[in-house]
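Okay, so here's the structure we're looking at.
Because the structure is predicted, anything quoted here is derived from the model rather than measured.
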Amino acid sequence: MTNPSGFGSGSRLTFNSPLSGGRADRLVGDLAAGRPATVLDLGCGWGELLLRVLEAVPGAHGVGIDTHGPDLERGRANAARRGLADRVTFVEASAADHPTTAADLVLNSGAYHVFGTVSDALDALRPLVNPGGRLLFAAEIWERPPTAEQLAKMWPGITEDACLYLPDLVDLAVSAGFRPLRVETATRNEWEEFESGFMAGSEEWLLANGDHPEVDKVRSQLDEHRANWLRGHRGVLGFAFLTLGVPTA
């Protein structure tokens, strides 16, 4: 969704997921401890986590793949500003179809759908992680069963089968050949920061541009998104971060 306010652009967000700076710092520290020489981010958006890993591992090189051109341009600009342009490549392509080389560290956060189901994604990602390497896999989960009323307030066509529960997600990762090194979930505060940040720029634009011809459209988008969150998935939809390891042989 694009409109003059930048709704859906993520311009007010550091990460395009319910991820706090504190959690990101710890995740990056854990992932960088293995000194990965190569990092692959599939469905990278603007690649903030990828860039932070590269900053933490001097000499490492990374590739970020995504289909959304504006996000990739943001990632390239951020890389140049932080002196990382010679160590990262952003590719506009489908992560599922673009030829890739296995890496020491693979990131796939909130983008499993590019491969199909969660199970499809984990199966596709397993051969892309070098022996002894790591995968950071993050995905939506159910915190508790949604009611019919809550499902009706979420996005069109969603059913209870759309997400897994945390134990089932971890079981799938193990079945795909990974070992779970760390299992954690986003907090309520991280979700609220994410959802509020997603809408903040558009709400401010709306207040300042009441006579703009797009104002009704923007207001409708905002009201629908807020209802989906507050009357639909708030307290029901979770977000899991799995740090997964691959055996050395």
Compile the donor-acceptor pairs under 3.5 Å between side chains in residues 127-135 and protein atoms, sequence neighbours left out, one pair per line.
{"unit_1": "Asn130", "atom_1": "ND2", "unit_2": "Asp104", "atom_2": "OD1", "d": "2.9"}
{"unit_1": "Arg134", "atom_1": "NH1", "unit_2": "Gly132", "atom_2": "O", "d": "3.2"}

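- Residues Val114 and Val63 fall within the same hydrophobic cluster, defined by Ile, Leu, Val, Met, Phe, Trp and Tyr side chains chained together at heavy-atom separations under 4.5 Å.
- Judged purely by atom type and a 3.5 angstrom limit, Asn108 uses its side chain to pair as donor or acceptor with the backbone of Leu42.
- For Glu195, the side chain to side chain donor-acceptor pair (under 3.5 Å) criterion is met by His225, His233, not counting sequence neighbours.
- Residues Ser196 and Glu203 have side chains not in contact (no heavy-atom distance under 4.5 Å, counting atoms from C-beta outward).
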Under 3.5 Å donor-acceptor pairs involving side-chain atoms of residues 154-167, not counting sequence neighbours:
{"unit_1": "Thr159", "atom_1": "OG1", "unit_2": "Asp161", "atom_2": "N", "d": "3.3"}
{"unit_1": "Glu160", "atom_1": "OE2", "unit_2": "Tyr165", "atom_2": "OH", "d": "3.0"}

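- Among all heavy-atom pairs drawn from Pro18 and Ala186, the shortest one is O-CB, 3.5 Å.
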Just list the side-chain donor-acceptor pairs under 3.5 Å for residues 242-249, sequence neighbours left out, or say none.
none

Listing, residues 22-31 side-chain donor-acceptor contacts under 3.5 Å, not counting sequence neighbours, or none:
{"unit_1": "Arg23", "atom_1": "NE", "unit_2": "Glu190", "atom_2": "OE1", "d": "3.3"}
{"unit_1": "Arg23", "atom_1": "NE", "unit_2": "Glu190", "atom_2": "OE2", "d": "2.9"}
{"unit_1": "Arg23", "atom_1": "NH1", "unit_2": "Glu184", "atom_2": "OE1", "d": "2.6"}
{"unit_1": "Arg23", "atom_1": "NH2", "unit_2": "Thr185", "atom_2": "O", "d": "3.0"}
{"unit_1": "Arg23", "atom_1": "NH2", "unit_2": "Glu190", "atom_2": "OE1", "d": "2.7"}
{"unit_1": "Asp25", "atom_1": "OD1", "unit_2": "Arg52", "atom_2": "NH1", "d": "3.4"}
{"unit_1": "Arg26", "atom_1": "NH1", "unit_2": "Asp30", "atom_2": "OD2", "d": "3.2"}
{"unit_1": "Arg26", "atom_1": "NH2", "unit_2": "Glu184", "atom_2": "OE1", "d": "2.3"}
{"unit_1": "Arg26", "atom_1": "NH2", "unit_2": "Glu184", "atom_2": "OE2", "d": "2.9"}

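- Side-chain atoms of Arg12 never come within 3.5 Å of backbone atoms of Met199 as a donor-acceptor pair (strictly under, hydrogens ignored).
- Here the shortest heavy-atom pairing between Pro180 and Val174 reads CD-CG2, 3.8 Å.
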Would you sort out whether Val53 and Leu105 count as a side-chain contact (heavy atoms from CB on, under 4.5 Å), showing the intermediate values? CA-CA 10 Å; Val53 171; Leu105 170 61; 3.8 Å; yes

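- Residues satisfying the side-chain contact (heavy atoms from CB on, under 4.5 Å) criterion with His98, sequence neighbours excluded, are Ile65, Val91, Ala93, Thr100.
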For His68 and Trp46, run ring-ring contact (aromatic ring centres under 6.0 Å, His included): C-alpha distance rounded to whole Å, both residues' side-chain angles, the deciding distance at 0.1 Å, then the answer. CA-CA 9 Å; His68 193 229; Trp46 53 87; 9.0 Å; no

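- Pairing each heavy atom of Leu54 with each of Gly62, the nearest pair is CD2-N, 3.9 Å.
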Decide yes or no on side-chain contact (heavy atoms from CB on, under 4.5 Å) for His212 and Trp205, but give the supporting numbers first. CA-CA 10 Å; His212 194 283; Trp205 179 91; 3.6 Å; yes

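- Under the 4.5 Å side-chain heavy-atom criterion for ILVMFWY residues, a single connected hydrophobic cluster contains both Leu19 and Trp229.
- Considering CD of Glu193 and OG1 of Thr14, their distance stands at 10.0 Å, rounded to 0.5 Å.
- Judged as a ring-ring contact (aromatic ring centres under 6.0 Å, His included), and not counting sequence neighbours, Phe115 has no contacts.
- Both Val236 and Phe194 are part of a single hydrophobic cluster, where members link through side-chain heavy atoms under 4.5 Å apart.
- Partners of Thr117 according to the side chain to side chain donor-acceptor pair (under 3.5 Å) rule, which considers only residues two or more places apart in sequence or in another chain, are Asp120.
- Summarising the geometry of Ala79 relative to Val88, their closest heavy-atom pair is CB-CG1, 3.6 Å, with the distance given to 0.1 Å.
- Of all non-hydrogen atoms in Leu237 and Trp191, the two that sit nearest each other are O-NE1, 3.3 Å.
- Leu230 and Leu206 fall within the same hydrophobic cluster, where Ile, Leu, Val, Met, Phe, Trp and Tyr residues are linked whenever their side-chain heavy atoms come under 4.5 Å apart, directly or through other members.
- For the atom pair CZ of Phe198 and CG of Leu222, the computed distance is 9.0 Å after rounding to the nearest 0.5 Å.
- Among residues two or more places apart in sequence or in another chain, the salt bridge (Lys or Arg N to Asp or Glu O under 4.0 Å) test is passed with Asp216 by Arg219.
- A donor-acceptor distance shorter than 3.5 angstrom exists from the side chain of Gln150 to the backbone of Thr147, with no hydrogens or angles considered.
- For residues 55-75, every residue pair satisfying the salt bridge (charged side-chain N to carboxylate O under 4.0 Å, His left out) rule, not counting sequence neighbours, is listed here: Glu55-Arg82, Glu73-Arg76.
- The hydrophobic cluster containing Phe241 does not contain Phe137, counting ILVMFWY residues as joined when their side-chain heavy atoms lie under 4.5 angstrom apart, directly or transitively.
- Residues forming a salt bridge (Lys or Arg N to Asp or Glu O under 4.0 Å) with Arg234 (at least two apart in sequence, or on another chain): Glu192.
- The shortest side-chain heavy-atom distance between Leu107 and Val39 falls under the 4.5 Å cut-off.
- Around atom CD of Glu140, more than 12 heavy atoms belonging to other residues, nucleotides or ligands sit under 6.0 Å away.
- The heavy-atom pair separating Leu122 from Ala176 by the smallest distance is CB-CB, 3.9 Å.
- Residues Leu49 and Leu136 are in side-chain contact: their nearest non-hydrogen atoms beyond the backbone lie under 4.5 Å apart.
- Applying the side-chain contact (heavy atoms from CB on, under 4.5 Å) test to Ser109 and every residue at least two apart in sequence or in another chain returns Ser17, Ala138, Phe239.
- The distance from atom CZ of Phe90 to atom CG of Leu50, rounded to the nearest 0.5 Å, is 5.5 Å.
- The structure places CG of Asp171 at 11.5 Å from OG of Ser119, a figure rounded to the nearest 0.5 Å.
- In this structure, Arg188 does not pair ionically with Glu143, as no charged nitrogen and carboxylate oxygen lie closer than 4.0 Å.
- To the nearest 0.5 angstrom, Asp86 atom CG is 6.0 Å from His61 atom NE2.
- Residue Leu169 holds its CG atom at 14.0 Å from CH2 of Trp142, rounded to the nearest 0.5 Å.
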